[in-house]
Amino acid sequence: MLNYLWGGMMVLGCLAAFWQGKPELIIKASLDGAKLAVDTAFSLISIITFWLGIMKIMEETGVVAKLAHALAPLIRWLFPEVPPGHPAEGAILLNLSANILGLGNAATPFGLKAMEELSHLNPQKDTASRAMCTFLALNTSAITLLPTTIIGLRQNFGSKNPTDIIIPTFLATLLGFSAALIADYLFKKSRW
């Protein structure tokens, strides 16, 4: 569906350029858009690389294990199906930590690892378990305390105050996370 929408907008843009007698605008817009995409991708690489390095250092120095130990009661409350000390706990914690730091792309590998570990615990391989559903809900609606990727992009594009979005982002993600927790709890209570 999106392909048709994007294709339609491109065709309409080309027709508008020809209608105004300025077909050179098509080439200029294409090249400017490609340059912007490459610049944005490279700026994201530096931000993601930095935070992945920080996460790796935290993992190697044992900070993640200590955090996992401290947050174990919360993880066990949210995921009662996961046995204590299972590798899924660490992967879930890393994913939630990356999301809290606003590293959406960096959180993906940890999310995939968590889902892989949770699938090992799932007796019905063709159906998502409750723990997998809970994790998906929390992953997609995670609280973001520090939206580092967005701050980096705002800084790269010349924002005067790139950190202005911290409080609105926190409040919006807090509401989303709360709604996901409540919905997940209600689904569990209804034995869905």
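Just so it is clear, the structure is predicted and the values come from calculations on it, not from any experiment.
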Colleague: Test side-chain contact (heavy atoms from CB on, under 4.5 Å) on Glu117 and Glu89 and set out the steps.
Modeller: CA-CA 9 Å; Glu117 294 294 339; Glu89 283 184 351; over 6 Å; no
Colleague: Mind checking salt bridge (Lys or Arg N to Asp or Glu O under 4.0 Å) for Lys35 and listing every partner two or more places apart, or none if nothing turns up?
Modeller: Asp39
Colleague: According to side chain to side chain contact (heavy atoms under 4.5 Å, CB included), who are the partners of Thr169, at least two apart in sequence or on a separate chain?
Modeller: Thr144, Pro147, Ile165, Thr173
Colleague: Drop me the distance from Leu136's CG to Met115's CE, to the nearest 0.5 angstrom.
Modeller: 5.0 Å
Colleague: Would you find a donor on one side and an acceptor on the other, under 3.5 Å apart, between the side chain of Lys125 and the backbone of Ser119?
Modeller: yes
Colleague: Show the nearest heavy-atom pair for residues Ser141 and Gly176, with the distance to one decimal.
Modeller: CB-O, 3.7 Å
Colleague: Does Lys28 have any salt bridge (Lys or Arg N to Asp or Glu O under 4.0 Å) partners at least two apart in sequence or in another chain, and if so, which?
Modeller: Asp32
Colleague: What's the shortest heavy-atom distance between Ala88 and Val82, and which atoms?
Modeller: CB-CG1, 4.2 Å
Colleague: Distance check, rounded to the nearest 0.5 Å: Ser159 atom OG versus Gln155 atom CD?
Modeller: 9.0 Å
Colleague: Please list, chain by chain and in numerical order, all residues satisfying side chain to side chain contact (heavy atoms under 4.5 Å, CB included) with Leu12, sequence neighbours excluded.
Modeller: none
Colleague: For Leu112, what residues pass the side chain to side chain contact (heavy atoms under 4.5 Å, CB included) criterion, not counting sequence neighbours?
Modeller: Thr108
Colleague: Counting only N and O atoms by type, is there a donor-acceptor contact under 3.5 Å from the side chain of Asn122 to the main-chain atoms of Gln124?
Modeller: yes
Colleague: State the OG1-CZ distance between Thr134 and Phe79, to the nearest 0.5 angstrom.
Modeller: 5.5 Å
Colleague: Tell me who clusters with Leu15, hydrophobic residues only, linked when side chains sit under 4.5 Å apart either directly or through other members.
Modeller: Val11
Colleague: Identify the two heavy atoms, one from Ile45 and one from Thr49, that lie closest to each other, and give their separation to 0.1 Å.
Modeller: O-OG1, 2.6 Å
Colleague: If you define the side chain from C-beta out and look only at heavy atoms, does anything of Pro80 sit under 4.5 Å from Lys188?
Modeller: yes
Colleague: Taking side-chain hydrogen bond (donor to acceptor under 3.5 Å, both in side chains) as the test, write out the residues that go with Asn139, two or more places apart.
Modeller: Asn95, Asn99
Colleague: May I ask whether Phe42 and Phe157 are part of the same hydrophobic cluster, defined by side-chain heavy atoms of I, L, V, M, F, W, Y residues being less than 4.5 angstrom apart, directly or through others?
Modeller: no
Colleague: Transitive ILVMFWY cluster of Met1 at side-chain heavy atoms under 4.5 Å: who else is in it?
Modeller: none
Colleague: Clusters formed by hydrophobic residues whose side-chain heavy atoms approach within less than 4.5 Å: which one holds Trp19, and what are its other members?
Modeller: none
Colleague: Between CE of Met9 and SG of Cys14, what distance do you get to the nearest 0.5 Å?
Modeller: 12.5 Å
Colleague: Any side-chain to backbone donor/acceptor pair from Thr140 onto Ala137? Under 3.5 Å, distance only.
Modeller: yes
Colleague: Transitively linked via ILVMFWY side-chain contacts under 4.5 Å: Val38 with Leu36?
Modeller: no
Colleague: Return the OG to CE distance between Ser30 and Met10, rounded to the nearest 0.5 Å.
Modeller: 6.5 Å
Colleague: Any idea which heavy atoms bring Phe135 and Ala114 closest together, and the distance?
Modeller: CZ-CB, 3.6 Å
Colleague: State, to 0.1 Å, how close Ala131 and Glu81 come at their nearest heavy-atom pair, and which atoms those are.
Modeller: CB-OE1, 3.6 Å
Colleague: So if you build clusters from Ile, Leu, Val, Met, Phe, Trp, Tyr with side-chain heavy-atom gaps below 4.5 Å, do Met132 and Trp77 land together?
Modeller: yes
Colleague: Output every pair passing salt bridge (Lys or Arg N to Asp or Glu O under 4.0 Å) with a member in residues 145-162, not counting sequence neighbours, ordered by first then second residue.
Modeller: none
Colleague: For a 4.5 angstrom cut-off between non-hydrogen side-chain atoms, does Ile182 reach Phe177?
Modeller: no
Colleague: Side-chain heavy atoms under 4.5 Å apart, restricted to Ile/Leu/Val/Met/Phe/Trp/Tyr: what other residues fall into the cluster of Ile27, or is it alone?
Modeller: Leu31
Colleague: Which residues satisfy the salt bridge (Lys or Arg N to Asp or Glu O under 4.0 Å) test with Glu60, sequence neighbours excluded?
Modeller: Lys56
Colleague: Atom CD1 of Ile143 and atom CG of Leu175: how far apart are they, to the nearest 0.5 Å?
Modeller: 10.0 Å
Colleague: Are Leu171 and Leu138 co-members of a hydrophobic cluster defined by side-chain heavy atoms under 4.5 Å apart?
Modeller: yes
Colleague: If hydrophobic clusters are built from ILVMFWY residues whose side chains come within less than 4.5 Å, do Leu74 and Leu145 share one?
Modeller: yes
